[in-house]
2 protein chains.
Amino acid sequence: MVMQQVVPENLTIQQMAQVTGLSAHTLRYYERAGLLDLVDRNQQNGYRYYNERHIKWIHFIKCLRATGMPIRDIRRYTELLYEGDHTVRDRLNLLKAHRQRVEQQLLEVKEHLEAVTRKIGYYETLD
Amino acid sequence: MVMQQVVPENLTIQQMAQVTGLSAHTLRYYERAGLLDLVDRNQQNGYRYYNERHIKWIHFIKCLRATGMPIRDIRRYTELLYEGDHTVRDRLNLLKAHRQRVEQQLLEVKEHLEAVTRKIGYYETLD
DNA sequence: CTAAACCTTAGTGCGCGCTCTAAGTCAAGC
DNA sequence: GCTTGACTTAGAGCGCGCACTAAGGTTTAG
């Protein structure tokens with residue numbers, strides 16, 4: 001039995017907002033900021049229409065944002081993406097450098113959190 | 001043999017900046033923001049003078065900041081601190097709630113970082 | 001035909017956490 | 001006495017990541 005997933009096509013910006021959890025404002029902002037090239041438009045009225053590729057791309061952008069990558073770095077990654085296959089190495093390096101920074105920061109947060117935990121422990125002895 | 005640690009007393013704001021790794025600007029800002037009550041002043045010239053208690057307190061503030069606690073929450077904590085012993089329970093709850101949020105966020109960052117790692121893995125297959 | 005509910009753009013505003021500037025005071029060294 | 005330099009204050013500026021507003025075009029329901 002093959003599960004067939006229903007894939008929404010040609011979503012309006014509001015539907016896209018629903019699906020991605022971003023606001024329509026933010027979707028337009030990301031496009032202006034160079035994070036989303038190639039958003040199709042309805043020729044009649046100029047409305048944006050998103051497809052499944054956009055959904056997946058936004059999903060990855062959210063991973064980058066959630067791990068603290070600044071908008072300008074995501075724009076850089078996007079530029080590389082649209083420059084073609086010869087930028088694969090650069091993209092790889094960019095992601096690896098990001099991962100390295102995030103892992104470093106995770107360690108630092110954990111260490112500082114331990115100090116907070118020690119303070120909590122101290123307060124609990126006062127109870 | 002008892003190790004005697006030399007404790008700096010009556011540090012100027014610049015010395016305090018050196019010791020804490022914060023800028024003098026930021027030290028003044030923290031004070032204005034209500035994170036540092038009771039900074040002694042030289043009676044003649046009004047200069048701030050910091051002591052070891054301040055150093056320890058700033059160190060803890062840095063732990064809170066490094067784990068993402070907003071300035072306003074640290075101010076709240078500071079207020080409780082100066083209200084006296086009857087706020088110990090409130091302070092404990094504040095820190096526990098913070099720890100909870102940070103741990104939750106650590107999990108989320110780790111999850112999203114895994115997606116980045118999967119992408120890295122994909123790029124590496126192209127090499 | 002009209003009202004509503006969409007969409008578009010350019011531009012402004014906001015909360016955060018600093019960071020810096022301007023104008024002035026004060027102490028020490030020459 | 002005068003310069004130098006560290007300090008003081010109030011307030012402005014900034015980079016980030018959105019969030020919102022205003023003014024206007026299009027589509028749909030009644």
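Note that these values count all heavy atoms, side chains included, but never hydrogens, waters or copies made by symmetry. Letters go in sequence order (proteins before strands), and every chain restarts at 1.
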Decide, yes or no, whether a salt bridge links B:Glu52 with B:Lys56 under the criterion of side-chain N to carboxylate O below 4.0 Å.
yes
Could you check B:Tyr123 against A:Arg91 for side chain to side chain donor-acceptor pair (under 3.5 Å), going step by step and ending with a plain yes or no?
CA-CA 8 Å; B:Tyr123 275 133; A:Arg91 281 180 260 162; 3.0 Å; yes
Tell me, yes or no, whether the heavy-atom count around A:Glu108 atom CD, taken from other residues, nucleotides or ligands under 6.0 Å, exceeds 12.
yes
Please work out whether the ring planes of B:His54 and B:Tyr50 are parallel, tilted or perpendicular, with thresholds of 30° and 60°.
perpendicular
Regarding B:His98 and B:Thr67, do their side chains bring together a donor and an acceptor under 3.5 Å, going by distance alone?
yes
Output the distance between atom CE (B:Met16) and atom CD1 (B:Ile58), rounded to the nearest 0.5 Å.
5.0 Å
same_hphob_cluster(B:Val19, B:Phe60) at 4.5 Å side-chain heavy-atom cutoff:
yes
Quick tally for nucleotides 8-19 of chain C: nucleotides whose base has a protein heavy atom under 4.0 Å get B, sugar-phosphate-only ones S, the rest -, giving BB-B----SBBB
Counting only heavy atoms not in B:Glu83, do more than 12 sit closer than 6.0 Å to its CD atom?
yes
Outermost contacting nts on DNA chain D, any atom under 4.0 Å from chain B heavy atoms, listed 5' then 3', are D:dA6 to D:dG11
Please confirm whether the shortest side-chain N or O distance from A:Gln14 to OP1 or OP2 of C:dC7 is below 4.0 Å.
yes
